[in-house]
Amino acid sequence: LYKMGWYSGNSNSQTHPVGQKKPNAWGFYDMHGNVWEWCFDLYREDRCYCVIRGGSWNDFADNCRSAYRDGYFPGNRISNLGFRIALSPRP
């Protein structure tokens with residue numbers, strides 16, 4: 001993970017610009033660590049939690065993977081939570 005993402009062991013307790021680590025097999029950067037990413041789906045149907053994925057700069061390396069998820073209230077703000085801006089390719 002050291003070469004793929006930012007986590008508590010290598011981040012110096014801060015976020016980092018995208019693209020400083022190696023991309024994954026599909027060419028995406030920073031899918032592990034750096035900041036948790038908001039996702040569109042709900043974490044629990046009975047409450048208003050939205051899914052966050054990927055871990056962040058202040059998590060252990062084991063939690064910094066895109067399959068790792070948690071839930072968070074959409075109106076809250078924290079320093080290790082963000083979102084990924086995506087652009088669809090032109091036809």
Are any of the side-chain heavy atoms of [X] and [Y] separated by less than 4.5 Å?
X	Y	value
M4	K22	yes
R69	Y43	yes
W6	D30	yes
W36	D59	yes
C50	W38	yes
V51	R53	yes
Q14	W57	no

Checklist line | Between CG on residue D62 and OH on residue Y7, distance to nearest 0.5 Å | finding: 10.0 Å

Checklist line | Gap separating the CG atom of D70 from the CD1 atom of I52, nearest 0.5 angstrom | finding: 5.0 Å

Notebook entry, point to check: If you group Ile, Leu, Val, Met, Phe, Trp and Tyr by side-chain heavy-atom gaps below 4.5 Å, do Y68 and M31 land in one group?
Noted result: no

Check: How close do Y29 and G19 get, heavy atom to heavy atom, and via which atoms?
Finding: CD2-CA, 3.5 Å

Could you go through residues 71-83 and list every donor-acceptor pair under 3.5 Å that involves a side-chain atom there, pairing it with any protein atom two or more places apart or in another chain?
{"unit_1": "N80", "atom_1": "ND2", "unit_2": "S56", "atom_2": "OG", "d": "2.9"}
{"unit_1": "N80", "atom_1": "ND2", "unit_2": "N58", "atom_2": "OD1", "d": "2.9"}

Check: Under the 3.5 angstrom rule, does the side chain of H16 hit a backbone N or O of S11 as a donor-acceptor pair?
Finding: yes

